[in-house]
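The first residue in the sequence is number 1, and the count goes up from there.
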Amino acid sequence: MAETQTDTADTAGGPGPEFPMPRAAGCPFAPPPALEELRDASPVAKVRIWDGSTPWFITGHAQQRAILTDPRLSNDDHIGDFPHVSAYRAQIAPHTPKLITNTDAPEHTRLRRMVNGPLLLKRVEKMRPAIQKIVDDLIDDMLAGPQPADLLTALALPVPSLVISELLGVRYEDHEFFQHNSSTALDRDVAPEVARAASAALSGYLDKLLTEKLASPGDDAMSEMAARVTAGEMTHTEAVHMGVAMLIAGHETTATMISLGTLALFQNPEQLELLRDSDDPKFVAGAVEELLRYLSIVHSGLRRVAREDIEIDGQLIRAGEGVVVEISAANWDTKAFPGADRLDLTRNARLHNAFGFGPHQCLGQSLARVELQVVYSTLYRRVPTLRLATAFDQLEFEESGTTYGVRSLPVTW
């Protein structure tokens, strides 16, 4: 406690505590205690990251909403002391083409327009019946199989993998290949050359697929990008890298939410009962927002850099200094969400920052919401006796990737 307070006190000009911070044993859903202490003491502070640099660290909900909409804050990882998430990401930054993840307007606006068509809410809603069938079929298979089952591999991973495969035009039979390489490429703890090989494998796979779609287009997102390449609206390389980004983001985060969300509901049976007994789509949609707030699975922070001096909350962030926006601290900020440490599915949690905020807010959030609404409104009603098949303290949690979740979730019924 004393060390944390000392670190917090000198964060404005000193090195600050190290980030990421360890979570408390036995409290897997809460942000690390040191993170919450830092937010309450100084929502705009500094931390030390893996390479010894000391970016600014934004943890307050109001401060995050202010800075993520400030045009002086940039996504361009070629500028100044951009706080890369790992050694591998720092190595590849000079060689990465312009994507929606490393550009600002107007380039970011142009690239986002190239790929957002299939992810618009209206088109995603048309996929709801197909998503429902995927979920029902997978639950049928799980119920017909042995007990206990691993919910992660039986349902949580296959649902978003099947959906993003259908949306992109990727062959689902290749799911083990892209799931393995996606998790490896995002793992902060693997050697840079291992992450580079995994990323190259994914790029090669999407390059080949795009070439196929150029020759023989279908009714999918890769074919739409192929048409834009043919029209000269985006380059072949941009389309390949956007395909990789959509493939990774399209299954990793939602799979984590399904499994970790189920575990959180097991630990809060009265909330599980509310969800299981409700047939109100509005309640289910609100429950998904509260679970997104409560779990905040993207735990490595949004990485930015200041293009110009920015004064916020009494602190001056100078041009060229790095900024890390830590989502879970804001989503548990009691100034925005009273009783934030309590999972309350009746809460209005719509203003959470789980998908980021501002012009770089998650492109696939509508798809993720529909997938989660279908899973959460189906699984517990169809399998009302679903429960954990192992002791809670035997579960292993994944902390090295971009998302925080369980490595497996044994369930029985």
Task: L292, T253, V298 screened by side chain to side chain contact (heavy atoms under 4.5 Å, CB included) with F355, the one that passes - done: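 Single pass found, and it is L292.
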Task: Partner of M257 under side chain to side chain contact (heavy atoms under 4.5 Å, CB included), chosen from I297, T403, V375, T262 - done: I297
Open item on the list: For a quick test of reading the model, state the closest non-hydrogen atom pair linking F29 to Q267 and the distance between them.
Closed with: CE1-CG, 4.0 Å
Going by an N to O cut-off under 4.0 Å, is there a salt bridge joining [X] and [Y]?
X	Y	answer
D174	R171	yes
E308	R72	no
E224	R123	yes
E398	R407	yes
D140	R382	yes

- [ ] Give a yes or no on whether the ring-centroid distance for W50 and F19 is below 6.0 angstrom.
- [x]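 Between F19 and W50, which both carry aromatic rings, the centre distance is not below 6.0 Å.
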- [ ] For residues F337 and H61, establish whether the separation of their ring centroids is below 6.0 Å.
- [x]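 Under 6.0 Å, so yes.
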TODO: Could you tell me which residues satisfy side chain to side chain donor-acceptor pair (under 3.5 Å) with D150, sequence neighbours excluded, listed by chain and number?
DONE: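 Partners of D150 under the side chain to side chain donor-acceptor pair (under 3.5 Å) test: none.
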Open item on the list: Between M246 and M225, is the side chain to side chain contact (heavy atoms under 4.5 Å, CB included) condition met? List the steps.
Closed with: CA-CA 12 Å; M246 292 172 72; M225 283 195 279; 4.2 Å; yes
Task: R65 to F357 six-membered ring, cation-pi geometry met (6.0 Å, 45°) - done: yes
